Amino acid sequence: MGGVRLSDKKRIVDFISKGTGDSFFSVLHGFYEEVKQEWVGEGRRIEDFEQDGPKILGHLD
């Protein structure tokens with residue numbers, strides 16, 4: 001599974017070890033937490049993330 005950020009084309013890639021819903025959710029949750037940490041690292045408040053944070057689009061192929 002991977003992601004590309006539109007603003008600067010940063011790529012995030014992680015591999016799903018098993019074809020189960022739990023492993024998929026684990027990788028997806030990791031991506032989400034990484035995006036939240038970048039949000040805070042840019043000096044923004046974590047409380048504002050849900051309302052004002054970036055939109056995350058998932059594409060299943």
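The structure displayed is predicted, hence computed values, not measured ones.
- Residues forming a side-chain hydrogen bond (donor to acceptor under 3.5 Å, both in side chains) with Glu50 (at least two apart in sequence, or on another chain): Tyr32.
- Applying the salt bridge (charged side-chain N to carboxylate O under 4.0 Å, His left out) criterion to Glu33, with sequence neighbours excluded, gives Lys36.
- Between the CG atom of Asp52 and the CZ atom of Arg45 there is a distance of 9.5 Å, given to the nearest 0.5 Å.
- Checked against side-chain hydrogen bond (donor to acceptor under 3.5 Å, both in side chains), Ser23 has the following partners two or more places apart in sequence or in another chain: Thr20.
- Shortest non-hydrogen contact noted between Glu42 and Arg44 is OE1-NH1, 2.5 Å.
- Hydrophobic cluster membership differs between Phe25 and Val27, with clusters built from Ile, Leu, Val, Met, Phe, Trp and Tyr side chains linked at under 4.5 angstrom.
- Between Trp39 and Asp48 the shortest heavy-atom distance is CZ2-O, 4.0 Å.
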